[in-house]
Number of protein chains: 2
Amino acid sequence: MQSFLKYIQSIANISDTSWQFLLPALSTTKLKKGEFLLKENQVCNALFFIETGFCRSFYNKEGEEKNTSFHFENEVVTNINSFGTGEKSAYNIQTCEPTSLIIVDKLKLIEASKHAPEIETVGKKCLRLTASKLEEHSSLFKLYSPQERYEYLESNHPQILQRVSLTQLSSYLGMARETLSRIRSRRTN
Amino acid sequence: MQSFLKYIQSIANISDTSWQFLLPALSTTKLKKGEFLLKENQVCNALFFIETGFCRSFYNKEGEEKNTSFHFENEVVTNINSFGTGEKSAYNIQTCEPTSLIIVDKLKLIEASKHAPEIETVGKKCLRLTASKLEEHSSLFKLYSPQERYEYLESNHPQILQRVSLTQLSSYLGMARETLSRIRSRRTN
DNA sequence: GTCGCTTTGTGACGATCGTCACAGGTAGGT
DNA sequence: ACCTACCTGTGACGATCGTCACAAAGCGAC
């Protein structure tokens with residue numbers, strides 16, 4: 001819970017009273033590896049803050065899983081679109097490791113915002129952070145070849161390379177598992 | 001101006017008085033084909049609503065222009081990230097046709113929000129719309145091959161195909177001009 | 001430890017797509 | 001109408017990457 005408070009304060013100053021209003025919207029849970037935070041066709045009615053562990057978001061395309069992002073400790077993960085509009089999610093969010101989460105319930109969050117408008121500001125910044133992440137990932141594909149995308153991660157997000165398995169990572173980078181394996185062996189020789 | 005009011009009302013109800021507060025933030029301009037709404041390394045300090053004409057956003061990668069989106073009549077275009085944080089823009093926004101715009105000045109917009117908090121809600125929805133667009137475009141590359149991406153546009157955004165030139169479109173779809181030309185001739189035969 | 005399952009490495013081959021080159025078309029300016 | 005500049009179509013060729021197949025290595029459960 002401490003880590004979540006720190007996270008909130010890092011993106012916007014929030015008063016003690018606002019925090020007190022926010023508390024009732026929060027709950028915690030621990031998930032095993034492979035459990036789902038959100039499944040496709042479900043409506044997303046919560047934000048998830050990751051205390052420990054990590055998760056991936058992925059589409060299911062004719063049985064193939066296509067990763068779109070990874071989410072680590074001290075990050076918020078959700079489906080913005082589904083959370084905002086109440087539409088069904090087009091993708092899944094699943095743990096890649098045992099993961100401990102803080103869940104922010106949507107309805108209770110809206111309730112809290114009524115009493116403490118500061119919370120709205122936090123929400124807006126969260127939205128913007130997620131949008132930036134989306135923008136980064138889409139420009140990866142726009143600007144770089146498979147090989148260059150790998151190099152981009154090496155210099156900009158090395159932690160992803162360290163923690164994510166080859167199979168998962170290849171899907172994230174939009175290339176075949178074998179291609180990624182070859183890129184790696186080329187670069188370490 | 002009428003079309004912008006309609007747009008606002010379509011995404012959130014807004015009272016007459018709020019609209020009166022918003023008006024001073026607005027101005028209009030007409031740009032020729034090829035003029036810039038925003039250049040890379042500039043800070044984005046406005047939202048642009050397109051009355052007529054259309055625009056593209058593009059990165060410059062070693063002299064090559066990589067389109068990331070097109071924006072048509074009755075849409076708002078901006079660089080969310082730069083607008084929100086005050087950082088420099090990594091990409092350009094340029095007209096593809098003679099275009100008439102309504103400019104929403106950032107500072108005056110913030111001023112207006114203070115008097116009419118409804119305006120905040122509109123801003124948040126705008127942000128979400130832009131984020132959805134980003135998400136769609138990035139999943140295009142995640143899920144589909146070049147050929148499939150073209151087919152996706154055919155069924156989901158036919159207006160893009162009608163109005164955008166082959167060269168511009170190929171850059172948007174992340175393939176060579178020649179490849180797109182061949183896909184087209186294959187499908188019409 | 002050992003068995004079995006999952007993940008990773010590597011070779012061969014073919015398809016797709018990008019690059020280069022050039023011809024034909026189209027549009028705008030004078 | 002003409003010229004120029006830009007945009008589009010098409011052929012040839014090669015590089016990259018995906019697919020298939022199988023071997024090697026890692027990891028958990030018992």
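Residue numbers begin at 1 in each chain, while the letters A, B, ... track the order of the sequences. For the numbers below, each heavy atom of this structure counts, side chains included, while hydrogens, waters and symmetry mates do not.
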Do other residues, nucleotides or ligands put more than 12 heavy atoms under 6.0 Å from the CG atom of B:Asn60? yes
In terms of side-chain heavy atoms of A:Ser165, which of C:dT8, C:dT19, D:dC17 is nearest? C:dT8
Nearest whole angstrom, please: distance from the P of C:dG18 to the NZ of B:Lys61. 13 Å
In whole angstroms, the gap separating P of D:dC6 from NZ of B:Lys33 amounts to 11 Å
Using atom CG of A:Leu169 as one end and atom C1' of C:dG9 as the other, report the distance to the nearest whole Å. 16 Å
DNA chain C nearest-nucleotide lookup for B:Leu180 and B:Arg177: closer to the 5′ end is B:Leu180
Whole angstrom is fine here: how far is it from OH in A:Tyr144 over to P in D:dC17? 16 Å
Quickly work out the A:Leu166 CG to C:dT6 C1' distance and round it to whole Å. 13 Å
What is the separation between atom CD on A:Glu65 and atom P on C:dT7, rounded to the nearest whole Å? 10 Å
Do B:Glu178 and C:dC20 have a side chain to base donor-acceptor pair shorter than 3.5 Å? yes
Taking atom NZ of B:Lys39 as the centre, does the number of heavy atoms from other residues, nucleotides or ligands within less than 6.0 Å exceed 12? no
Taking the six-membered ring of A:Tyr172, is NZ or CZ of B:Lys142 closer than 6.0 Å to its centre and within 45° of its axis? yes
NA contact type, B:Thr167, heavy-atom cut-off 4.0 Å: base, sugar-phosphate, or nothing? sugar-phosphate
A:Arg149 CZ - D:dC17 P separation (whole Å): 9 Å
In whole angstroms, the gap separating C1' of C:dA15 from CD of B:Glu148 amounts to 14 Å
Using the salt bridge (Lys or Arg N to Asp or Glu O under 4.0 Å) rule, take B:Lys114 and B:Glu111 through it: C-alpha gap first, then chi angles, then the decisive distance, then the call. CA-CA 5 Å; B:Lys114 284 181 194 158; B:Glu111 196 52 40; 3.7 Å; yes
Check every atom of C:dT19, D:dG9, C:dT10 against the side chain of B:Ser181 and return the nucleotide holding the closest atom. D:dG9
If you compare every side-chain N and O of B:Ser185 against the phosphate oxygens of D:dG9 (OP1, OP2), does one of them come in below 4.0 Å? no
In terms of hydrophobic clustering (I, L, V, M, F, W, Y; side-chain heavy atoms under 4.5 Å; direct or indirect links), are B:Leu23 and B:Ile119 co-clustered? yes
Please confirm whether any donor atom in the side chain of B:Arg182 sits under 3.5 Å from an acceptor in the base of D:dG11, or the reverse. yes
